2 protein chains.
Amino acid sequence: MTKRTFNVERFFQALGDNTRLRLLNLIGEQEICVCYLVEILGGPQPKISRHLAYLRSAGIVSARREGKWMHYRIVMPPHIGAAQILKQTLGWLKDDKSMQADRVRLTKACCSPSKYALLDGAPLPIPVQEASCKEC
Amino acid sequence: MTKRTFNVERFFQALGDNTRLRLLNLIGEQEICVCYLVEILGGPQPKISRHLAYLRSAGIVSARREGKWMHYRIVMPPHIGAAQILKQTLGWLKDDKSMQADRVRLTKACCSPSKYALLDGAPLPIPVQEASCKEC
DNA sequence: CATTCGCATTCGTCAAGGCGTATACATAAA
DNA sequence: TTTATGTATACGCCTTGACGAATGCGAATG
């Protein structure tokens with residue numbers, strides 16, 4: 001709704017921030033509620049929200065409202081080249097130590113959301129495409 | 001000499017600017033003199049120099065002095081993931097219309113440098129690795 | 001030497017963007 | 001209709017970085 005034309009500069013700029021890379025890593029192949037992202041990244045909620053807005057404006061993620069919860073998922077850019085780079089980047093993140101740690105913490109949070117004040121009653125992430133969540 | 005440790009954010013930020021993408025596209029698999037880059041991009045020389053400095057600090061290019069001429073070439077980042085993304089990006093640029101036009105103009109300049117005031121007497125680009133320049 | 005040439009850096013200005021804080025908005029619950 | 005909850009936006013502050021213009025610096029040339 002915001003950015004109609006895909007912008008290459010904007011695309012790379014969106015990837016040039018560690019918080020946004022962490023968000024993309026956590027979202028991965030799921031459609032995930034914002035509250036999980038806030039919980040795992042640990043920062044103030046507006047910070048997360050602003051970075052998600054940036055990713056939206058860059059056309060890298062899309063949002064869906066479900067009641068009072070917002071679900072985010074990664075959308076592949078229209079340009080084949082950009083899509084390949086995004087996939088490659090996500091794969092790259094999987095090999096990163098701190099990114100792996102983030103995902104482990106997300107998995108734990110998913111398995112027992114009631115232990116986290118922010119997550120009590122929150123909807124679980126929904127795998128998209130053919131991906132499956134072995135742990136949960 | 002400037003940045004010792006490779007920085008992921010810095011890497012993507014370096015790619016998030018059209019002038020720098022044009023520079024990387026022109027350098028490609030050659031070791032090329034700055035004067036060509038100034039000639040093709042057409043802007044003021046300090047602008048080109050500043051962007052080249054940015055790419056250097058991000059560890060994406062390296063510079064070599066030869067007399068009064070400076071030659072730039074692309075260096076692959078130490079991280080395999082980053083290297084793959086850089087290669088993919090360079091390939092992506094090859095498919096872009098305006099980037100192709102830049103390369104055509106570079107080829108023309110290489111074939112008759114004497115026609116350009118800035119390039120009279122300038123050293124020709126030197127292909128690196130196994131790449132060959134069919135046109136020149 | 002001084003000059004010229006190729007390129008890099010500095011300076012001042014301005015816009016973009018990151019952060020924390022406060023607030024607005026949307027939905028659901030009471 | 002009020003209140004609470006989840007999320008987004010607005011605001012002020014500060015840093016980064018892009019630009020044009022001017023200047024600095026190394027290497028060749030006279």
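All values derive from a computational prediction rather than experimental measurement. Per chain, numbering begins at 1; letters A, B, ... match sequence-line order.
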(request) Indicate for each nucleotide in nucleotides 15-24 of chain D, in 5' to 3' sequence, whether protein heavy atoms under 4.0 Å reach the base (B), only the sugar-phosphate (S), or nothing (-). (result) --SSBBBB--
(message) Rounding to an integer number of Å, can you tell me how far A:Y36 OH sits from D:dT7 P?
(response) 11 Å
(request) Return no unless some side-chain N or O of A:Y72 is found under 4.0 Å from OP1 or OP2 of D:dA8. (result) yes
(message) On a heavy-atom basis, which atom in B:L15 and which in A:F12 lie closest, and how many Å separate them?
(response) O-CD1, 3.3 Å
(request) Could you check how far CZ of A:R64 sits from P of D:dA8, rounded to whole Å? (result) 14 Å
(message) Are A:L106 and A:L55 connected into the same hydrophobic cluster when the rule is that any two of I, L, V, M, F, W, Y join if their side-chain heavy atoms are below 4.5 Å apart?
(response) yes
(request) Go through the structure and list residues passing ring pair (Phe, Tyr, Trp, His ring centres under 6.0 Å) with A:F11, not counting sequence neighbours. (result) A:F6
(message) Per the side chain to side chain donor-acceptor pair (under 3.5 Å) rule, what does the pair list look like for residues 78-87 of chain B, sequence neighbours excluded?
(response) A:Q88-B:Q84
(request) Rounded off to whole Å, could you give me the CG-to-C1' distance for the A:L52 and D:dT7 pair? (result) 10 Å
(message) Without decimals, in angstroms, what is the distance between B:M70 CE and C:dT9 C1'?
(response) 13 Å
(message) Please tell me whether A:M76 and A:I60 are part of a single hydrophobic cluster in this structure, the criterion being side-chain heavy atoms less than 4.5 Å apart.
(response) yes
(message) Can you list everything that forms a side chain to side chain contact (heavy atoms under 4.5 Å, CB included) with A:S98? Sequence neighbours excluded, please.
(response) A:D96
(request) Round to the nearest Å and state the distance from A:W69 atom CH2 to D:dA4 atom C1'. (result) 13 Å
(request) For B:R22, enumerate each residue passing the side chain to side chain contact (heavy atoms under 4.5 Å, CB included) test, keeping only those at least two apart in sequence or located in another chain. (result) B:N18, B:L41, B:M99, B:D102, B:R105
(request) Figure out the CZ/C1' separation between B:R56 and C:dC7, and round it to whole Å. (result) 10 Å
(request) Any chance you could list the contact pattern along nucleotides 25-30 of chain C? Use B for base contacts, S for sugar-phosphate-only contacts and - for none, protein heavy atoms under 4.0 Å, 5' to 3'. (result) --SS--
(message) Count I, L, V, M, F, W, Y as connected when their side-chain heavy atoms are under 4.5 Å apart, and connections chain through other members. Are A:L24 and A:Y54 then in the same cluster?
(response) no
